[in-house]
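Quick note: numbers below take in every heavy atom, side chains included, and nothing from hydrogens, waters or symmetry partners.
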Amino acid sequence: MAQNPRRSTAVLEVGGMRSASQQNVVTAVLGRRPGVLEVSANPVSHTATVVFDPELTSSAELTGWVRDCGFHCAGRQVPAHICDPMAEPDRPTGRTPAPPTAHDVMGHGGDEGSSMAAMVADMRNRFLVAVLFSIPIVLWSPMGSHMFGLDLPVPFAVREDIWALVLSLPVIFYSCTIFFDGAIRALRARTLDMMVLVAVAVGAGWGYSLVITVTGGGEVFYEAATVLASFVLLGHWFEMRARGGANDAIRTLLDLAPPKAVVLREGESVEVPTAEVVAGDLLLVRPGAKIAVDGLVEEGDSEVDESMVTGESLPVHKTVGSAVIGATINVNGTLRVRATKVGADTALAQIVELVQQAQNSKAPGQKLADRAAFWLVFVALIGGGLTLASWLLFSDRPFSTAMLFAITVIVVTCPDALGLATPTAIMVGTGLGAKRGVLFRNALALEASARIEVVVMDKTGTLTKGEPEVTDMVIGGSGLSEAEILRLVAAVERESEHPLAGAIVRHARENGTPDIAATRFENVPGHGAIAEVEGHRVVVGNRRLLDREGVDPGALASARDTLAATGHTAVLVAVDGVAAAVIGIADAPRETSADAVAALRELGVEVVMLTGDNHATAARIARAMGIDTVVAEVLPGDKAAEIARLQAGGRKVAMVGDGVNDAPALARADLGIAIGAGTDVAIEAADVVLMRSDPLDVAAALRIGRGTLRKMRQNLAWAVGYNTIALPIATGVFEPTFGLILRPEIAALSMSGSSLIVAVNALALKRLRLPAPTPARGHLAAESATSTVEKRTSAMGLGHS
C-alpha cells in the first residue's frame, strides 16, 4: 500500500509490557496525541504500530511519548530510519548515514529478543523472592496451623503478625513493585488495566493487615497478600515465556541478516557492521558467506542459495548483472556486489516489516475484547467494593472475611487472558505463514481467509507457468527418430527470437540435445523459419509455411488438428520436403496446481478457473487439474463482475491472480491473493501474497486462517467463560449454602492459569498440518522468483512507492 504524504507509519519497540492489558496504556497515551491517527499495540511482540500525520508529529516524538508513560522505546519510521531521540546525532563523515539493518526492525540491533529474555528473568527472580518469603509467612499463620497442624514458636519472641509483617516487606517492596508501578502508569494514562487490579488487591490486603498490626487487634492476612503476589508472578513468568515463543518467526527472520559485511574501499577489503553499508558500496562476498544487502553482481560467477527468502531450494546461478538478495548465501564462487538496497529498503527488512504490521493489527473480535477489558477492570473494582459492602451490611461476618471476598472478586476478574486471547494466536498464525512464504497484510486478511468458500484462480501465470512449453511431439514418416528431429529443429530455432522458438530450444536443452549450427537461416514472418542443418533443409512453422514449400502434412494433419482443438499451438516440421513431426506447445500447468486444487477440495472449498483464453484451452488445463467449473473468454474488465456474481449468492470468495488485469478482481473479492511473481498492481491490490509463486500455498493460507480463527474463538470463549463462572464463586454467594469459597491465593492461581492456558493454546497452532512444500522446480523457476523479490515487497507498501 503506497504511503500517503500525510499518513506515515512507525513501528515502535515498547519494552516493559509485563501484562497483556498494558497495551491499553500505550494505546491511550499515544491515541490522545496530536497527529496520531491509529495505534495498535501488541503485548506479545512488545511493539506498537502507529499511523500518524508527519506534518503534526514525528517518530522521535512518538518514542518520547511512550517513554513518558513509563516504557522504554525505540522505533523506525517506514521506510526511512530509526527515530530515537536519545541516540547521538550523526557526526559529519562525508557519507550518507545508513538506514537500519533488518536487525533494527524490532528496535536497536534486535533488542526485542534480549529484552524479553531479561523481562522473563526479572519476573522469575521476583517470583522466587515472593515464594521464598511467603512460605514462612504461611507456616507461622493461622492458615498454616489449620492446614498443616503446625504450632511453631515465633523467632525472637515477637508477635506472629509482626513476624509476618517483616517477612512480607521484600515481597511488597521488591516483588510487587511492578504492580504498583504499572498501576500508576495506567492511572496517569487515564485507563484501567490488570496492574491496577493486582495493585489494589495486594495493597488492600497488605495495607489492612498493616493497620491491624499497628493498632494491635483483629485478624491479619499477610499470607493472603504474599501468596496472591506469588501466584500472579508465577503466572506472569510462565505466560511471558509462552509469549516469547510466539514471536519465533520474527526472530528467525532477523537472524538471517549477517551482522558484518566485507566492503572494498580503495582496493582494500574492510569488514564493517552491516548497518554501515550504504548504497553504492562494493561488497566482496566469498564462498559460504552471506550477502549482506540487496545488490547487483559486478564481477564473478557463482551459485546463490536464496531459499530463506524465495522458498526455492535449488541454488540460483549468478553472473555479472544478476540481482542478489540480502541474507542469501553465496555457495561457491567469489562475487563482487554493488549495494543497491540497504537497511530498511532490503527485501528481508521489508518482509519483516510486513509481518510485524500484520501481527500488530487487530482482528474485530480483539478490538471488542480490548474495549471490554477496560470495563471489566472497572466492574471488578466496583464489584469488589459492592462485595465488601454487601457482606458487611447483610451478614454478621467480620470485616476481615468481607475484605477477603472483595479481594478475591478483584483478582478473579482480571482481564489478562482476554487481552492475550487473539494477539497470541495472530502472532503464531502470521509467523507460521511467513515461514511458509505466505504473507498476510493484517489480521482482517487472516480472519477472512478462514471463511472462504470459493477460490477463483486466474489461469495464466497462476495455475500455469505463464510461458510456452513443449507438451507433445508426434513423429511422421520421415524415418528420423524423435531425438534426431529435435536436434535439427532446435538448431533452426536457436536463430529465432520468437517465444515459441524459445520453448523448443529449452525443451531440447532439458533433454540433453547437443547444440549444432544452422546455416542459410530465413525467418518467414507470421509463418515460421527455414534453415539448412547438417545438409538437411529444415522447415519449422505453421500449415501455411508447409503449403508454400509444397509439403503435404499427410497423417500429421489430424494430429495437428487434435492439438489445436485442445488449446495447443501446433508447430509443423518438414525435413527435406517430407513432413517429419508436429510439436504441441502450450502454457503448461505448474507442477503443484493439481495438488493445490485437491488440497482446496479437501477443505470443502469450490475451485473456479477464470481466464480470458478460449474454451478449448481452458478446458484442457481444467481437466489436467481436476477443476470442474471454468469461466473462459472473460474480458479483463469483466473479471471483477464475475467475482461479484459469485458473491451474489452470499458466498465468501477469494481471487488468486498475478496480472494487471487481475487487480480489480483481487480488490473486489472477499480475499485477494497475489502470486508472488505477479505484477506490482496485482500485489498492491491483494490481502495475501504468496512469495513462492506456488498455488499449493493458497490451501496453506486458508488452513492457517482457519486454524488461527479457531484458536482465537477458543481463547475468547475460555477467557469469557472463566470470568463468568469464577465471579459468582468469588463473591461468596455459594458460601452460606454450599460452603464453596475461593480464597485470593486460589483466585490468583486460577487467573494466572487462565492466561497461561490461552497462551499455550495459541502456541499449539504451530503444530498445524499444512500441505507439503513443493520440491525444487529447477533453475528457471528459482531465477524467476529471484527477479521478482523487489517488486513483491515494494508493491506491498513496504518500500518506497
Side-chain angles (χ1 to χ4, degrees), residues 1-18 20-90 97 99-112 115-116 182 185-186 188-191 193 247 250 343-345 349-350 352-362 367 370 423 442 797-800:
M1 183 164 55
Q3 289 279 346
N4 188 312
R6 293 293 302 273
R7 192 179 175 89
S8 294
T9 303
V11 177
L12 307 176
E13 176 200 344
V14 184
M17 281 194 283
R18 290 185 170 89
S21 60
Q22 284 190 303
Q23 63 180 307
N24 295 334
V25 176
V26 178
T27 303
V29 169
L30 294 180
R32 289 193 290 263
R33 299 293 184 171
V36 175
L37 307 176
E38 298 174 20
V39 184
S40 183
N42 189 330
V44 183
S45 65
H46 283 214
T47 58
T49 299
V50 185
V51 180
F52 62 96
D53 185 338
E55 295 188 9
L56 299 179
T57 187
S58 67
S59 227
E61 284 187 303
L62 295 175
T63 56
W65 290 334
V66 172
R67 290 192 182 97
D68 288 345
C69 62
F71 300 99
H72 63 79
C73 181
R76 181 164 66 86
Q77 184 174 342
V78 182
H81 56 281
I82 288 280
C83 294
D84 187 347
M86 302 303 290
E88 275 191 70
D90 294 319
T101 66
H103 287 286
D104 295 320
V105 175
M106 298 287 287
H108 298 302
D111 285 342
E112 187 273 338
S115 66
M116 174 60 85
R185 294 184 195 181
R188 286 174 57 187
R190 288 176 284 168
T191 189
D193 65 8
N247 207 24
I250 286 289
D345 295 330
Q350 292 172 2
V352 171
E353 186 69 43
L354 179 69
V355 175
Q356 267 196 308
Q357 291 192 28
Q359 291 180 337
N360 286 358
S361 62
K362 299 285 188 184
K367 291 179 180 179
D370 288 346
N442 48 45
L798 301 174
H800 295 289

What are the two closest heavy atoms between Trp65 and Pro34, and how far apart are they?
-> CH2-O, 4.0 Å
Please answer whether the main-chain N or O of Val26 pairs with a side-chain N or O of Arg185 as donor and acceptor at a distance below 3.5 Å.
-> no
How about Val66 and Val29: do any of their side-chain heavy atoms sit closer than 4.5 Å?
-> no
Nearest heavy-atom neighbours spanning Leu12 and Ser59 | CD2-OG, 4.3 Å
Minimal non-hydrogen separation, Ala10 against Phe52, with atom names = CB-CE2, 3.7 Å
About how many Å separate CG of Leu56 and CZ of Arg33, when rounded to the nearest 0.5 Å?
-> 14.0 Å
Evaluation steps, side-chain contact (heavy atoms from CB on, under 4.5 Å), between Leu62 and Val36 | CA-CA 9 Å; Leu62 295 175; Val36 175; 3.8 Å; yes
List in chain and number order the residues that pass side chain to side chain donor-acceptor pair (under 3.5 Å) with Thr57, two or more places apart in sequence or in another chain; answer none if no residue qualifies.
-> Glu61
Looking at Val39 and Gly31, what are the two nearest heavy atoms and their distance?
-> CG2-N, 3.9 Å
Gap separating the CD atom of Glu38 from the OG1 atom of Thr27, nearest 0.5 angstrom = 12.0 Å
